[in-house]
Number of protein chains: 4
Amino acid sequence: MKVGFIGLGHMGLGMAANLLKGGHDVTVYNRTRTKVEALIAQGAKGAASVADACRGEAVITMLADDGAVESVVFSDGGVIGSLPAGALHISSSTISVALSERLEAAHAKAGQRFVAAPVFGRPDAAAAGQLFVVAAGAADALRASAPLLDAIGQKTFIVSDAPKAGNLVKLSGNFLIASVIEAVGEAMALIGKAGVDRRQYLEILTSTLFDAPVYKTYGALIADGKFEPAGFAAPLGQKDIRLTLAAAEDLRVPMPLASLLRDRFLTLLAHGGDKLDWSAIGQLAAKDAGETTS
Amino acid sequence: MKVGFIGLGHMGLGMAANLLKGGHDVTVYNRTRTKVEALIAQGAKGAASVADACRGEAVITMLADDGAVESVVFSDGGVIGSLPAGALHISSSTISVALSERLEAAHAKAGQRFVAAPVFGRPDAAAAGQLFVVAAGAADALRASAPLLDAIGQKTFIVSDAPKAGNLVKLSGNFLIASVIEAVGEAMALIGKAGVDRRQYLEILTSTLFDAPVYKTYGALIADGKFEPAGFAAPLGQKDIRLTLAAAEDLRVPMPLASLLRDRFLTLLAHGGDKLDWSAIGQLAAKDAGETTS
Amino acid sequence: MKVGFIGLGHMGLGMAANLLKGGHDVTVYNRTRTKVEALIAQGAKGAASVADACRGEAVITMLADDGAVESVVFSDGGVIGSLPAGALHISSSTISVALSERLEAAHAKAGQRFVAAPVFGRPDAAAAGQLFVVAAGAADALRASAPLLDAIGQKTFIVSDAPKAGNLVKLSGNFLIASVIEAVGEAMALIGKAGVDRRQYLEILTSTLFDAPVYKTYGALIADGKFEPAGFAAPLGQKDIRLTLAAAEDLRVPMPLASLLRDRFLTLLAHGGDKLDWSAIGQLAAKDAGETTS
Amino acid sequence: MKVGFIGLGHMGLGMAANLLKGGHDVTVYNRTRTKVEALIAQGAKGAASVADACRGEAVITMLADDGAVESVVFSDGGVIGSLPAGALHISSSTISVALSERLEAAHAKAGQRFVAAPVFGRPDAAAAGQLFVVAAGAADALRASAPLLDAIGQKTFIVSDAPKAGNLVKLSGNFLIASVIEAVGEAMALIGKAGVDRRQYLEILTSTLFDAPVYKTYGALIADGKFEPAGFAAPLGQKDIRLTLAAAEDLRVPMPLASLLRDRFLTLLAHGGDKLDWSAIGQLAAKDAGETTS
């Protein structure tokens with residue numbers, strides 16, 4: 001398919017590369033030009049503007065937050081103004097439920113089609129084409145998106161005909177990961193202060209009931225106190241918990257654990273944690289206990 | 001080995017049966033007699049008293065709580081008074097760190113050996129000999145215990161020469177499981193109120209980052225709102241969080257997520273949840289949101 | 001002074017009446033007309049539009065939330081477009097810090113002056129002219145506002161030359177009140193379940209260390225379980241905690257107690273509490289304990 | 001009355017002195033002798049042992065915690081063994097509900113009478129005879145205690161014929177005070193980081209809705225960051241929250257705010273706060289926000 005790709009960050013870079021590997025005709029756009037060159041070397045075309053990336057059957061956006069998506073979509077020469085009628089906008093960014101609703105309405109009004117397709121996985125999974133894709137939207141739009149989603153992920157889950165439901169599932173997934181970070185952080189603060197080795201403890205956990213990637217990945221980061229470089233930066237984690245709580249507030253769902261995570265992220269950021277991996281909230285329990293993890 | 005086994009509950013029954021299958025000479029004792037008959041049919045000897053179960057090289061206790069262990073160990077005709085010098089007491093019960101310390105001291109004074117060997121796994125794993133054993137104690141005592149622990153579990157992790165560290169690791173593991181229950185409960189309250197199917201949601205989780213037994217087992221119970229019969233009853237869950245918090249308090253480790261779990265269990269028990277599985281705390285977020293999970 | 005007054009709710013009605021009593025020339029505007037008549041009977045002029053209420057030296061707005069203020073101020077024929085150059089906009093509504101910043105900038109651009117003057121007190125205090133006013137803004141604007149603020153309150157506190165600081169102090173005050181509600185709610189759940197009389201307990205509290213109006217007022221509502229009619233409705237309380245948390249997030253200040261209050265309000269609203277007084281969150285601890293307060 | 005007084009700490013010293021001023025015949029006992037001399041100078045008799053302080057019509061105990069009370073009451077030569085039949089034990093210590101129950105039973109068995117009479121107020125109120133006394137026990141025992149309680153306090157509240165209810169009310173009162181400390185701590189972290197002066201803020205609070213001693217006293221300590229010397233030391237505050245939560249657990253009353261306070265105290269103590277006033281938990285919100293209060 002002829003597809004545009006906007007947003008070449010840690011995740012987008014790998015996703016666009018896999019679209020190329022999948023045989024698609026990919027035009028890439030990024031605010032800073034350096035990343036674009038790398039993809040041109042892999043066979044992509046470079047777009048000089050957002051509008052240039054919106055000339056095909058579809059455009060995929062993978063941006064940092066609501067603000068970036070709003071700017072790319074709604075500004076003059078943005079996606080809404082540039083995408084042909086009937087073409088697809090596939091939004092893979094982790095954005096708010098409210099913005100997803102707004103995007104759905106704006107695209108419908110412009111005669112375009114909109115699919116929310118956020119992804120689970122860290123940059124290495126994006127590079128390997130091993131992401132999990134959570135897709136939501138109208139049946140025809142999902143059908144049309146399938147070849148693209150297949151190229152970037154190992155599996156696509158269709159959760160709803162309402163795009164915003166896809167975004168909510170994604171947010172809730174990040175909430176669950178952050179919950180694991182907090183829980184493991186508290187447990188390690190406890191057993192660590194009692195003198196048990198954190199690394200061995202993690203091995204026990206992950207070879208028994210907690211044999212899942214999320215415990216292995218984040219457990220190791222916490223056990224080692226290794227939060228740089230950030231695979232997923234703390235401000236993004238804070239944003240996702242904020243969006244989770246905002247969606248929960250609209251639905252009137254109290255989420256005390258999400259509230260705790262919110263406070264953890266604020267504490268981390270108030271102490272200069274902007275550059276750290278979001279798993280650094282997992283060291284706060286030990287700090288409160290007067291310990292250091294490293 | 002000639003070994004006594006005291007405490008034939010959901011877990012103990014399977015553990016004692018696997019000792020028999022492992023070729024050990026097992027004498028079983030239980031407060032209520034019915035369970036004893038089942039094991040005699042499998043080759044065990046029945047003990048008329050606690051003391052009668054303490055005539056061998058070792059005795060294993062698998063009891064409900066601190067009170068039960070104290071009664072069996074410290075009363076007249078109890079384990080301390082009956083076990084031969086040099087023999088082993090292997091405590092697999094989930095008990096407090098404080099009681100573990102007290103047991104270690106009392107057995108040392110009586111010239112006996114003490115090993116804490118709490119286990120991870122639900123009754124089906126106990127029946128299948130597939131428990132994970134977390135063992136802690138003096139090196140010689142652990143060595144002597146190995147044939148027995150091998151019979152009841154698929155793997156033994158040695159964490160410390162201080163028995164209490166084993167109990168703390170066990171408690172922290174139950175804290176981590178309860179954290180999963182809470183997190184999944186909140187996430188399902190959120191996506192459920194937004195109209196996403198809970199079962200499909202669970203499938204997404206467990207086929208991606210959360211591919212671990214604990215998410216599958218408890219996620220399904222929460223998605224289905226099926227909390228009876230209890231595999232592990234709510235009062236036992238509440239007890240373990242209480243003991244976790246007590247240990248954390250002694251070590252001066254604040255654990256806000258454990259505090260949240262404490263309040264969840266109290267809420268559940270205040271509403272007649274004594275007979276429910278502990279995963280029933282996973283429905284409280286939905287209840288607070290004005291929803292029901294079933 | 002010649003002053004407009006926009007927003008004749010529970011609070012605004014009393015405030016406008018006291019401006020009249022203070023000898024000011026008051027033109028009132030309200031979306032629904034009924035309330036206007038009552039004030040015309042007391043000597044006010046009725047305005048047919050927002051613009052009509054903006055012909056004097058000052059206009060005071062006392063509206064329910066950010067949305068209402070935005071609509072009255074920024075729409076065509078709104079305050080910004082209608083107020084004479086140099087005239088004052090005194091905003092007494094409890095609004096977000098972010099909106100206060102936006103109002104300050106917009107009025108400055110339009111050559112008008114802006115003062116934030118939120119108030120403490122319930123409708124009876126508004127009617128009696130006994131409110132406490134927290135004022136913030138430029139020195140000259142505060143000076144010019146003084147005769148009006150004196151008419152509506154018993155005392156004015158000047159906290160900053162930045163209007164938004166006034167709004168933050170107001171929000172923090174409501175957070176503190178809600179904290180009292182929660183604390184007293186938990187304490188009464190505890191002693192009530194132990195059989196101590198809630199009313200007598202309140203008398204002990206308020207005749208000793210807790211001899212403050214806030215304990216008397218809200219303690220009595222909680223002890224009696226009397227949450228209707230609402231003096232200050234639950235959705236307004238929820239809004240203020242939301243705005244407090246939003247300001248705290250911008251400043252990176254974790255507020256776990258505010259987070260708890262947030263969850264309490266969501267629980268209340270999820271169970272149909274929209275018409276109740278905000279002190280109804282004070283019964284949730286007893287409900288969680290399986291008790292009812294009435 | 002002829003009365004013994006055991007426990008001459010910050011509080012007991014003033015209480016015993018007021019019993020002397022009230023004309024009572026007071027025999028004092030303290031583990032360390034220095035304090036005793038001061039009271040002998042004021043007319044008291046010195047007791048060489050606990051038993052010597054139990055020869056009169058009543059004995060009052062004012063001790064630091066459950067352990068101290070258990071030791072003084074139940075050991076050989078303790079209160080139970082020494083007090084004449086029919087004589088009174090008035091326990092003013094802040095102790096657990098469980099110990100209060102145990103004391104009631106033990107005194108009944110020994111033919112003695114037991115009254116719980118915990119007090120509200122700091123050392124200066126104790127010295128001034130201005131404490132508030134919360135008394136609970138059998139009617140005749142309360143009647144007999146009245147002259148003594150009148151001497152130490154400005155008012156006595158009778159809350160129940162069950163002594164333990166008096167202890168619960170006392171604990172709940174300390175929970176409420178700690179809640180104020182937390183709430184004010186969070187509010188000051190917020191407005192302080194926004195540049196509002198903490199002292200002026202406190203003045204606003206305490207001259208409006210929060211015109212109570214508890215806000216003035218603790219608000220000033222937090223605003224000034226002055227936590228030494230301790231009027232009431234942090235470990236005592238932590239103990240009282242622990243006892244509140246223990247009583248709440250027995251009654252199955254979830255208290256999330258008390259749980260938060262628990263974690264605050266553990267954080268404080270884990271960072272060397274043992275010598276600080278308990279209001280030092282009120283600086284933790286500012287610390288989490290990256291600020292210091294001083």
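All chains are named by letter (A, B, ...) in the order of the sequence lines, taking the proteins before the strands, and each is independently numbered beginning at 1. Computed from heavy atoms alone, side chains included, the values below leave out hydrogens, waters and symmetry copies.
In this structure, no portion of D:V97 lies under 4.5 Å from any heavy atom of chain C. Neither the backbone nor the side chain of D:S160 comes within contact range of chain C; no heavy atom of the residue lies under 4.5 Å from a heavy atom of that chain. The parts of C:S207 that come within reach of chain D are both its backbone and its side chain, each placing non-hydrogen atoms under 4.5 angstrom from that chain. For D:L209, the parts lying near chain C are the backbone and the side chain together; criterion is any non-hydrogen pair under 4.5 Å. The contact between D:F210 and chain C is made by backbone and side chain atoms together, counting heavy-atom distances below 4.5 Å. D:L131 does not touch chain C: none of its heavy atoms, backbone or side chain, sits under 4.5 Å away. With a 4.5 Å cut-off on non-hydrogen atoms, C:I158 touches chain D through its backbone but not through its side chain. Proximity to chain C is limited to the side chain of D:L260, based on heavy atoms less than 4.5 angstrom apart. No part of D:L171 comes within reach of chain C, as not one of its non-hydrogen atoms sits under 4.5 angstrom from that chain. For D:K164, no part lies near chain C; criterion is any non-hydrogen pair under 4.5 Å. Interface remark: D:T206 contributes no atoms to any contact with chain C (heavy atom separation under 4.5 Å). With a 4.5 Å cut-off on non-hydrogen atoms, D:V214 touches chain C through its backbone and its side chain both.
The candidate from C:Y215, C:F120, C:F157 with the greatest count of non-hydrogen atom pairs under 4.5 Å with chain D is C:F157. The residue among D:P213, D:A162, D:G121 with the most heavy atom pairs within less than 4.5 Å of chain C is D:P213. The residue among D:G185, D:A189, D:A187 with the most heavy atom pairs within less than 4.5 Å of chain C is D:A187. When each of D:V159, D:V196, D:D197 is scored by its heavy-atom pairs under 4.5 Å with chain C, the top score falls to D:V159. Counting heavy-atom pairs closer than 4.5 Å to chain C, the top-ranked of the candidates D:L251, D:I191, D:V169 is D:L251. Interface summary for chain D: among C:A178, C:P256, C:G173, C:S172, the most heavy-atom pairs under 4.5 angstrom belong to C:P256. If you tally non-hydrogen atom pairs under 4.5 Å between each of D:V184, D:V180, D:I177 and chain C, the highest count goes to D:I177.
Note that CD of C:Q130 is 13.0 Å distant from OG1 of D:T208, once rounded to the nearest 0.5 Å. Put simply, CZ on D:R264 and CG on C:L257 are 9.0 Å apart, with the number rounded to the nearest 0.5 Å. Rounded to the nearest 0.5 angstrom, D:R252 CZ and C:D288 CG are separated by 14.0 Å. Distance check, rounded to the nearest 0.5 Å: CG of D:L205 to CZ of C:F132 gives 11.5 Å.
Between C:L190 and D:M255 the shortest heavy-atom distance is CD2-SD, 4.0 Å. In terms of heavy-atom proximity, C:A258 sits nearest to D:E186 at N-OE1, 3.5 Å.
Shown here is D:H271, whose NE2 atom has more than 12 heavy atoms of other residues, nucleotides or ligands within 6.0 Å.
Although no hydrogens or angles enter the test, the distance criterion places no donor-acceptor pair under 3.5 Å between the side chain of C:E182 and the main chain of D:S179. Without hydrogens or angle criteria, C:K193 side chain to D:V253 main chain gives no donor-acceptor distance under 3.5 Å.
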